[in-house]
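Below is one structure, written out as structure tokens; the observations come after it.
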There are 2 protein chains.
Amino acid sequence: MIKNVAVRLALIVAAAFAPPMAAFAEGPSKNVHEPTYAADGRLIPPTDYREWIFLSSGLDMSYNEKALASAQPVFDNVFVNPEAYRAFLQTGTWPDKTQFVLEVRSSTSKGSINHRGHFQNGDIKGVEVHVKDVTRFDGGWAFFDVEGSAPAAKLPMTAACYACHRDHAAVDTTFVQFYPTLLPLAREHATLSTSYLKDEAELAKAVH
Amino acid sequence: MIKNVAVRLALIVAAAFAPPMAAFAEGPSKNVHEPTYAADGRLIPPTDYREWIFLSSGLDMSYNEKALASAQPVFDNVFVNPEAYRAFLQTGTWPDKTQFVLEVRSSTSKGSINHRGHFQNGDIKGVEVHVKDVTRFDGGWAFFDVEGSAPAAKLPMTAACYACHRDHAAVDTTFVQFYPTLLPLAREHATLSTSYLKDEAELAKAVH
């Protein structure tokens with residue numbers, strides 16, 4: 001009798017203190033950065049993306065062959081949620097519920113002790129979110145133009161981004177070719193798209 | 001007697017399952033990204049810095065007034081360990097054991113579908129680490145030029161970085177003026193350095 005009461009009490013107390021089982025379980029961790037939506041289906045933009053994994057930053061990029069250099073070039077900072085990043089490290093692919101954030105920030109040339117080139121200043125010129133949610137979106141991914149924390153409607157399929165990402169993205173519909181820490185991994189895992197490999201081969205021929 | 005045995009057993013079992021007290025305690029979490037050193041005092045460089053907090057990226061920056069634009073401009077990606085970042089959000093200051101990493105990466109202009117501006121490619125041109133360790137270093141901070149995971153010796157105090165950081169850094173010895181998400185916080189917390197405020201005022205006068 002004594003033993004039973006003691007054991008029962010011990011188990012109750014232990015259960016009260018035990019950390020969630022997920023902390024001990026093997027397998028993928030829960031994605032706390034899954035996309036969330038308002039009741040009407042609009043995306044609730046992630047606001048903590050600056051604490052996610054930085055993939056790269058470019059300056060004054062344009063996919064338009066005739067583009068001239070900007071007088072006011074902007075930086076494009078790209079982040080992805082940590083869970084998706086860790087999955088990519090293992091597989092070279094993006095899991096469902098991946099969220100990319102492209103933050104467009106204006107640049108300053110002369111400021112403080114800087115005399116050349118460009119650094120980023122406080123003006124955010126735009127934020128776009130690219131979400132993988134395979135049961136929700138045709139084609140599995142959707143683009144959103146966001147402003148602060150206001151819910152954002154999915155950009156229509158006619159928006160230029162969809163076709164360009166579909167036709168030229170190195171992995172799935174993402175421009176891994178511009179993310180220097182990820183491109184080699186995609187190559188190792190053989191997850192580079194056929195269209196990207198074709199573009200890459202043509203560019204190499206053009207150079208040689 | 002029964003009660004005592006039961007309670008004692010319960011406490012033993014609870015202690016076995018209880019998460020570390022730090023998880024419940026108020027105050028700063030343990031810094032798992034503290035700087036570590038070899039037996040001879042050289043810094044063991046952090047190799048997971050790409051998973052830290054991204055502060056900003058600049059292109060072709062130079063502090064030299066006469067600097068001409070580079071033919072091969074490089075990007076400077078700056079990261080700080082997450083614990084230091086969270087402390088800065090609260091206080092506008094850097095705690096002891098902060099580690100900054102400056103990763104210098106070469107750029108490509110024409111590549112894939114890009115026709116203008118610059119994006120980052122796979123070539124790391126250099127990595128520098130800036131460490132705050134107040135009981136170890138004169139002045140509290142030290143700079144290191146690192147290569148991969150090889151232990152690195154502290155740069156001598158005569159290296160140009162020390163004086164420039166001391167004389168122009170916006171917060172402590174760090175160039176927060178180039179980190180757009182942090183500069184407003186430092187202003188709010190009134191932790192901007194006197195020398196930076198002076199530089200800023202002079203630049204404003206020069207413009208007007």
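By convention in this document, chain letters (A, B, ...) are assigned in the order of the sequence lines, proteins followed by strands, and residues within each chain are numbered from 1. Keep in mind that the numbers below use all heavy atoms, side chains included, and drop hydrogens, waters and symmetry copies.
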- Task: Among A:Glu200, A:Glu202, A:Arg105, single out the residue with the greatest number of heavy-atom pairs under 4.5 Å to chain B.
- Result: A:Arg105

- Item | Separation between CZ of A:Phe119 and CZ of A:Phe75, rounded to the nearest 0.5 Å | 9.5 Å

- Between chain A and each of B:Arg50, B:His115, B:Arg116, count heavy-atom pairs under 4.5 Å; write down the option with the most. B:Arg116

- So, A:Tyr196 versus A:Gln177: side-chain donor-acceptor pair below 3.5 Å or not? no

- Are any of the side-chain nitrogens in A:Lys97 or A:Asp133 under 4.0 Å away from the carboxylate oxygens of its partner? yes

- For B:Pro151 against B:Arg42, the heavy-atom pair lying closest together: O-NH1, 3.7 Å

- Heavy-atom distance under 4.5 Å to chain A: side chain of B:Tyr179, backbone, both or neither? neither

- Item | Passing candidate, ring-ring contact (aromatic ring centres under 6.0 Å, His included) with A:His130, options A:Phe79, A:Tyr49, A:Phe143 | A:Phe143

- Please state whether the side chain, the backbone, both or neither of A:Phe178 comes within less than 4.5 Å of a heavy atom of chain B. both

- Query: Taking the inter-plane angle between the rings of A:Phe100 and A:Trp141 on a 0 to 90° scale, is it parallel (under 30°), tilted (30 to 60°) or perpendicular (over 60°)?
  - Reply: tilted

- Heavy-atom pairs under 4.5 Å with chain B, option from A:Ile53, A:Asn114, A:Thr108 with the top count: A:Asn114

- Query: Roughly how far, to the nearest 0.5 Å, is the OG1 atom of B:Thr191 from the CG atom of B:Asp172?
  - Reply: 9.5 Å

- Item | Gap between atom CG of B:Asn81 and atom CH2 of B:Trp94 - 0.5 Å precision | 8.5 Å

- Item | Contact class of A:Asn77 relative to chain B, heavy atoms under 4.5 angstrom | side chain

- Tell me, out of B:Pro82, B:Gly122, B:Pro180, who's got the most heavy-atom pairs with chain A below 4.5 Å. B:Pro180

- chain B contact via A:Glu51 - which portion, at a heavy-atom distance below 4.5 Å: both

- Between CZ of B:Arg86 and CD of B:Gln90, what distance do you get to the nearest 0.5 Å? 10.0 Å

- Note on the structure: Value for OG1 (B:Thr36) from CD1 (B:Ile44), rounded to nearest 0.5 Å, stands at 4.0 Å

- Query: Can you say whether A:Tyr85 sits under 4.5 Å from chain B via the side chain, the backbone, both, or neither, judging by heavy atoms?
  - Reply: side chain

- Query: Which of the residues A:Leu203, A:Leu183, A:Thr181 is involved in the greatest number of heavy-atom pairs with chain B at under 4.5 angstrom?
  - Reply: A:Thr181

- Message: Please classify the contact between B:Leu182 and chain A as side chain, backbone, both or neither, with a heavy-atom cut-off of under 4.5 Å.
- Response: neither

- Query: How many angstroms lie between NE2 in B:His189 and OG1 in B:Thr91, if you round to the nearest 0.5 Å?
  - Reply: 6.5 Å

- Note on the structure: Against chain A, residues from residues 160-171 of chain B with at least one heavy atom under 4.5 Å, in numeric order, are B:Cys164, B:His168

- Note on the structure: When the 4.5 angstrom heavy-atom criterion is applied to A:Leu59 and chain B, the contacting part is both

- Answer with side chain, backbone, both or neither: which region of A:Ile124 has an atom nearer than 4.5 Å to a non-hydrogen atom of chain B? neither

- Query: Going by atom types only, do B:Glu83 and B:His33 share a side-chain donor-acceptor pair under 3.5 Å?
  - Reply: yes

